[in-house]
Asker: 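Please read through the structure below; I'll follow up with questions.
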Amino acid sequence: MDPRRKIFIEISDDLHAFFKRVGKVWIYDELRFLDLEPQMMTGEFLSHQVQSLIDFCRSNPDYHLISGFQGKVYNKFEPEARIYYLADGDADPDLLLDFGSRLGVQELLQVGYTMLTPIVGTIKGGNDA
């Protein structure tokens, strides 16, 4: 196995564990029920939407923000982040996942693409009978 692929799998597992620990709220319908409008179906909010999340967290102290910026995921609000998530788990602001330290962003995208392409190709070429 390509060593980068092994690292990619480890990073994916670490990211999943991080999101589980901090309680990332990712279900679109759950976010809509909370009167929030995520940018993506998996719960991402972009920087122009962050004020609605900040206001929500002020009114609902059981929730906090997760911020994604430059290959890192912070378990707190980072003003310069490009992507945000709502969370309801462990709110320790010192929790951080630095997935960019093991593979660069380009490598992450390349390896992820090469792993996903055969799966999508199989689905698209599948037998519908």
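Heads up: numbering here begins at 1 and tracks the sequence. Values reported hereafter were calculated over all heavy atoms of this structure, with side chains retained and with hydrogens, waters and symmetry mates removed.
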Asker: Give the ring-plane orientation class for Tyr63 versus Phe56, where under 30° counts as parallel, over 60° as perpendicular and anything between as tilted.
Answerer: perpendicular
Asker: Okay, side chain of Asn75, backbone of Asp90: is any donor-acceptor separation there less than 3.5 Å?
Answerer: yes
Asker: Assess the residue pair Trp26 and Leu86 against the criterion (side chain to side chain contact (heavy atoms under 4.5 Å, CB included)); give the C-alpha distance rounded to whole Å, side-chain angles, the decisive distance to 0.1 Å, and a yes or no.
Answerer: CA-CA 8 Å; Trp26 62 273; Leu86 184 67; over 6 Å; no
Asker: Give, for atom OG of Ser59 and atom CG of Leu34, the distance between the pair rounded to the nearest 0.5 Å.
Answerer: 12.0 Å
Asker: Is it the case that one hydrophobic cluster holds both Ile83 and Phe18, taking links as side-chain heavy atoms less than 4.5 Å apart, direct or via other members?
Answerer: yes
Asker: Identify the two heavy atoms, one from His64 and one from Val22, that lie closest to each other, and give their separation to 0.1 Å.
Answerer: CE1-O, 3.4 Å
Asker: Do Val73 and Phe69 share a hydrophobic cluster (ILVMFWY, side-chain heavy atoms under 4.5 Å, transitive)?
Answerer: no
Asker: Among the clusters formed by ILVMFWY side chains lying less than 4.5 Å apart, do Leu96 and Tyr84 turn up in the same one?
Answerer: no
Asker: Using modelled atom types and a 3.5 Å cut-off, is there a donor and acceptor pairing between side-chain atoms of Tyr74 and backbone atoms of Leu65?
Answerer: no
Asker: Minimum heavy-atom separation for Gly68 and Ala81, please, with both atom names.
Answerer: O-CB, 3.4 Å
Asker: Only distances under 3.5 Å count here; give the side-chain donor-acceptor pairs of residues 35-44 to other protein atoms, sequence neighbours excluded, each with its distance to 0.1 Å.
Answerer:
unit_1 : atom_1 : unit_2 : atom_2 : d
Glu37  : OE1    : Arg32  : NE     : 3.3
Glu37  : OE1    : Arg32  : NH1    : 2.7
Glu37  : OE2    : Tyr28  : OH     : 3.0
Thr42  : OG1    : Glu44  : OE1    : 2.6
Thr42  : OG1    : Glu44  : OE2    : 3.0

Asker: Is it true that atom NZ of Lys76 has more than 12 heavy atoms of other residues, nucleotides or ligands lying nearer than 6.0 Å?
Answerer: yes
Asker: To the nearest 0.5 Å, how far apart are NE2 in His16 and NZ in Lys24?
Answerer: 10.5 Å
Asker: Please check: side-chain N/O of Asn60 versus main-chain N/O of Asp62, any donor-acceptor pairing under 3.5 Å?
Answerer: no
Asker: Would a line drawn from the ring center of Tyr85 to the ring center of Phe45 be shorter than 6.0 Å?
Answerer: no
Asker: For the atom pair CD (Glu80) and OG (Ser47), what is the distance rounded to the nearest 0.5 Å?
Answerer: 11.0 Å
Asker: Minimum heavy-atom separation for Asp98 to Gly71, with atom names?
Answerer: OD1-O, 3.4 Å
Asker: With hydrophobic residues grouped by side-chain heavy-atom distances under 4.5 Å, do Leu97 and Ile66 end up in a single group?
Answerer: yes
Asker: Between Gln49 and Leu46 (side chain of the first, backbone of the second, donor and acceptor by atom type, cut-off under 3.5 Å), is there such a pair?
Answerer: yes
Asker: Just wondering, do Leu15 and Phe19 contact through their side chains at under 4.5 Å, heavy atoms?
Answerer: yes
